[in-house]
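Let me begin by presenting the structure, written as structure tokens, before commenting on it.
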Amino acid sequence: MIAKVIVDVPSRATDRPFDYAIPADLYGWVEIGSRVGVPFGGRVLQGFVIGLAEFADIDESKLKPIAELLDHIPPLSPDLVELAQWISDKYCCALTTALQAMIPSALKGKADSVVTLSEDEDTALFSNAVYSEAPWLAYIRASSGPVRMAALQERFPADAAAIKQAVKLGALTEQVSIRDRLAVRKALTVFPPEQAALAQEALANYPARAAKQRDVLRYMLEHPEPIALTALVEALSTTSATIRAVADKGWITIREVEQQRDPYAGRDFKQTEPLPLTEGQQAVYEEIAEALDAESSRVFLLHGVTGSGKTEVYLQTIERCLQHERQAIVLVPEIALTPQMVERFKGRFGDSVAVLHSRLSSGERYDEWRKIREGRAQVAVGARSAVFAPFPRVGLIIIDEEHESSYKQEESPKYHARDVAVRRARQHGASVVLGSATPSLESYAAASRVLSPTQTDASASSRTPGGAALLAMPNRVGNRPLPKVHLIDMREELKAGNRSMFSRQLHEALLDRLEKGEQSVLLLNRRGYSTFVMCRSCGYTAQCPHCDISLTYHQKSRVMRCHYCGHAEQAPEKCPSCESEHIRFFGTGTQRVEEELAKLFPGIRVIRMDVDTTTEKGSHEKWLTMFGERKADVLLGTQMVAKGLDFPYVTLVGVIAADTSLHLPDFRAAEKTFQLLTQVAGRAGRHELPGEVVIQTYNPDHYAIVTAQHHDYAGFVQEELKHRRFMSYPPFCRLIVVTLSDEQLTHLITAGDKLAATLRQLAYESGVKGSIDSDGTRFIDILGPVASPIPRMKDRYRFQCMVKYRGNAGAIELLKKAIAMLSGPQGQPPVQLSVDVDPQVIL
DNA sequence: AGCACGCCGACT
DNA sequence: GTCGGCGTGCTC
């Protein structure tokens with residue numbers, strides 16, 4: 001038998017299966033999805049088995065055997081392997097990158113070697129004076145078992161060559177194996193006597209002087225449950241030796257037991273019962289339930305206004321899904337994965353919920369993942385990568401806030417969780433629910449008939465077989481009104497002599513809430529901005545020496561850091577360019593707002609949430625809890641205060657400046673602004689107390705702001721679609737951005753021009769219409785190369801080409817072909833190439 | 001990605 | 001005459 005193995009080398013040259021012989025003792029254990037250690041080019045690497053075959057594709061004499069099998073249960077199932085292949089195809093990434101993204105990072109094994117003295121070693125070799133006096137040799141001799149090579153390297157850094165030589169000559173035997181980054185945590189556990197009666201008798205006759213041992217045995221008889229050794233030691237203030245002594249006499253047993261790192265251990269989640277559904281919720285629920293009962297793979301776009309009770313619909317459809325003995329996955333944007341959210345799921349489904357998000361330690365994440373893999377969880381709630389939760393029979397995938405750009409991974413594999421979810425659901429006959437108060441234009445266009453057939457992106461609708469069904473929940477639970485939104489023209493404020501960052505109306509509204517003891521949320525929309533250092537005399541800004549980007553100032557450490565390469569330097573006292581002392585750190589903005597609040601409203605209690613105050617683990621949670629307990633009057637922050645929060649005493653939402661995200665050079669700028677305003681407005685008046693929203697802007701006539709004021713999603717979409725059609729942007733076409741980078745500008749220019757020319761030639765040959773204005777259903781257009789928005793990063797220059805296409809223009813295949821044509825015989829590209837299919841941020 | 005093999009400068 | 005620089009090439 002032959003195993004087809006993808007080795008863990010993420011390069012184009014090795015992005016194909018390699019054949020390995022399956023040794024007799026692993027026969028039947030190696031499956032599709034197994035993780036193995038294989039010899040590859042003189043070293044041992046981790047790899048994934050993606051296929052089994054009777055015969056090898058190459059000369060059998062060249063075959064090497066699989067060195068080891070790394071897990072008893074394969075970490076991946078065949079359907080996930082297939083999904084990885086689809087991702088690798090669609091998003092142009094190495095298959096190993098896609099596979100690796102599906103398993104917790106704890107399972108990223110690396111080669112680890114140990115050495116022992118060879119049994120039959122030629123003693124002459126070691127009697128050689130050079131060796132016999134070597135301290136490293138003495139060290140190996142002195143140790144009882146094999147010695148880790150890494151330990152030798154650390155202890156005797158100067159002797160690396162000699163040690164390698166000894167291995168080469170056969171005096172030392174080296175054994176390489178794959179070691180995981182993190183192991184399953186185990187703890188010694190004490191088990192009670194199996195035959196209590198006998199033990200009881202023994203207790204009575206226990207040697208008089210062994211009082212402590214008697215304590216142990218008595219305890220275990222009184223509490224006949226397994227207990228951690230350490231806990232027992234503490235409970236009886238004894239030592240492990242005493243306990244072992246009892247075990248040695250055979251009365252109790254001590255065994256290693258696998259532990260669960262439970263991030264929510266010790267937390268009591270109050271169990272909740274399903275709430276009665278409103279008419280609107282009921283209708284939506286029944287539609288989805290019908291698909292679940294029929295086990296047909298359908299996609300629903302659930303457009304429900306803020307406060308319309310989407311979460312309750314999720315909970316009850318999951319319930320229905322579980323009744324069919326199928327599992328459910330809930331994706332939530334990282335930022336919205338708050339304790340509040342987790343509580344709702346744990347409260348309804350208890351222990352069968354596994355939570356996966358980036359704030360967990362890698363050990364915790366590994367254990368939550370194992371809970372899914374081993375069938376101890378039926379519901380997975382998590383960020384983007386939870387779409388890969390290793391359930392055997394997925395019945396439902398819910399994507400909350402589906403418009404969030406964080407569902408697109410920025411690093412390779414640059415997948416979009418929404419599209420992966422649709423694909424995975426199809427494999428399992430599962431349904432997908434995309435929920436949002438402000439659906440992305442792509443999803444909305446796919447689900448409604450906004451676009452005529454010729455304008456519709458054909459491949460988008462093929463992504464969602466039969467098209468997505470649009471479900472609407474236009475009313476809030478309890479028919480509470482959406483909050484009244486006031487637009488304030490800040491130009492008028494200035495004219496009236498108000499130079500403060502608070503308009504008179506916002507000022508008054510805040511004062512009013514303070515008097516009533518109600519709470520306010522203030523949003524500072526500063527997407528795309530960060531703290532930077534600038535000289536007020538000469539305009540000098542601190543730049544990264546390796547990247548064309550401003551350094552970000554971190555107040556705590558007084559260090560300036562580059563977000564892209566990690567370069568860090570001390571913040572200067574004087575301007576390095578003009579020696580002036582007027583060098584300033586342009587703060588987060590939230591800080592300035594906080595100061596101003598303190599000045600205007602003496603005694604006001606403000607919680608500020610931004611990158612500075614939420615980096616610590618659990619701090620995010622801490623602030624929100626405090627706010628929930630009404631220990632503050634104002635929650636002030638950036639985007640993170642806009643998402644998913646639900647506090648009953650919040651009756652005022654203020655947006656300091658709505659426009660900052662409006663004029664970013666990104667075609668989604670208006671959409672992002674509309675979404676943010678709508679989302680944050682939705683934080684107000686969710687319960688008995690009515691809400692009010694004040695939006696300050698310099699563009700009170702902009703459609704994104706006006707439609708947000710009137711909670712008019714349809715109006716926004718209509719206007720935005722006009723622009724997208726005119727400019728030929730999604731959903732009227734699809735995009736691919738190829739970024740080329742190299743240390744040498746000349747190389748880069750040559751390669752960039754060549755890539756664009758090849759693409760244009762291939763597009764022309766394939767007969768796809770090349771004009772943007774073409775009314776054909778297929779078109780492809782290649783733009784660039786142009787300098788990237790960050791023209792230099794980590795000392796490498798960067799260019800990009802954009803491919804716009806519509807229909808099945810085969811753009812991805814064309815691109816792959818073009819890259820292959822530019823690459824060398826082993827597939828090595830002339831410069832570094834990175835492909836982003838369906839990019840979310842075009843900055 | 002690594003690591004090996006392979007062809008040209010500063011040392012014993 | 002050798003040690004070693006890192007430029008192509010291959011890994012079942």
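Remember, it's a predicted structure, so these values are computed and weren't measured experimentally. Letters A, B, ... mirror the listed sequences (proteins, then strands); counts begin at 1.
With rounding to whole Å, A:Gln744 atom CD is found 12 Å from C:dG7 atom P. Atom CE of A:Met1 and atom C1' of C:dC12 are 17 Å apart (whole Å). The distance between atom CD of A:Glu743 and atom P of C:dC6, rounded to the nearest whole Å, is 13 Å. Computed from coordinates, the A:Leu63 CG to C:dT11 P distance equals 13 Å when rounded to whole Å. Nucleotide B:dA1 holds its C1' atom 11 Å from the NZ atom of A:Lys108, rounded to whole Å. A:Gln832 places its CD atom 7 Å from the P atom of B:dA1, with the value rounded to the nearest Å.
Among the atoms of the strands shown, base atoms are found under 4.0 Å from some heavy atom of A:Arg16.
Ring orientation note: the planes of A:Tyr91 and A:Trp86 are nearly perpendicular, at an angle over 60° on the 30°/60° scale.
Here the CG atom belonging to A:Leu99 is positioned 5.5 Å from the CZ atom belonging to A:Phe48, to the nearest 0.5 angstrom.
Scanning residues 30-62 of chain A for heavy-atom distances under 4.0 Å to DNA chain C yields A:Pro39, A:Phe40, A:Gly41, A:Ile58, A:Lys62.
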Would you mind writing out the side-chain donor-acceptor pairs for residues 34-41 of chain A within the sub-3.5 Å range, not counting sequence neighbours?
from    : atom 1 : to       : atom 2 : distance (Å)
A:Ser34 : OG     : A:Glu31  : N      : 2.9
A:Ser34 : OG     : A:Glu31  : O      : 3.1
A:Arg35 : NE     : A:Asp71  : OD1    : 3.0
A:Arg35 : NH1    : A:Gln46  : OE1    : 2.9
A:Arg35 : NH1    : A:Leu107 : O      : 2.6
A:Arg35 : NH1    : A:Asp180 : OD1    : 2.9
A:Arg35 : NH2    : A:Asp71  : OD2    : 2.9
A:Arg35 : NH2    : A:Asp180 : OD1    : 3.0
A:Arg35 : NH2    : A:Asp180 : OD2    : 3.1

For residues 735-746 of chain A, please give each side-chain donor-acceptor pair under 3.5 Å, one per line with the distance, not counting sequence neighbours.
from     : atom 1 : to       : atom 2 : distance (Å)
A:Ser741 : OG     : A:Arg796 : NE     : 3.2
A:Asp742 : OD2    : A:Gln744 : N      : 2.8
A:Gln744 : OE1    : A:His747 : ND1    : 3.4

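In this structure, a donor-acceptor pair under 3.5 Å is present between the side chains of A:Ser113 and A:Glu174.
Under a 3.5 Å cut-off, the side chain of A:Glu368 and the backbone N or O of A:Arg365 do not form any donor-acceptor pair.
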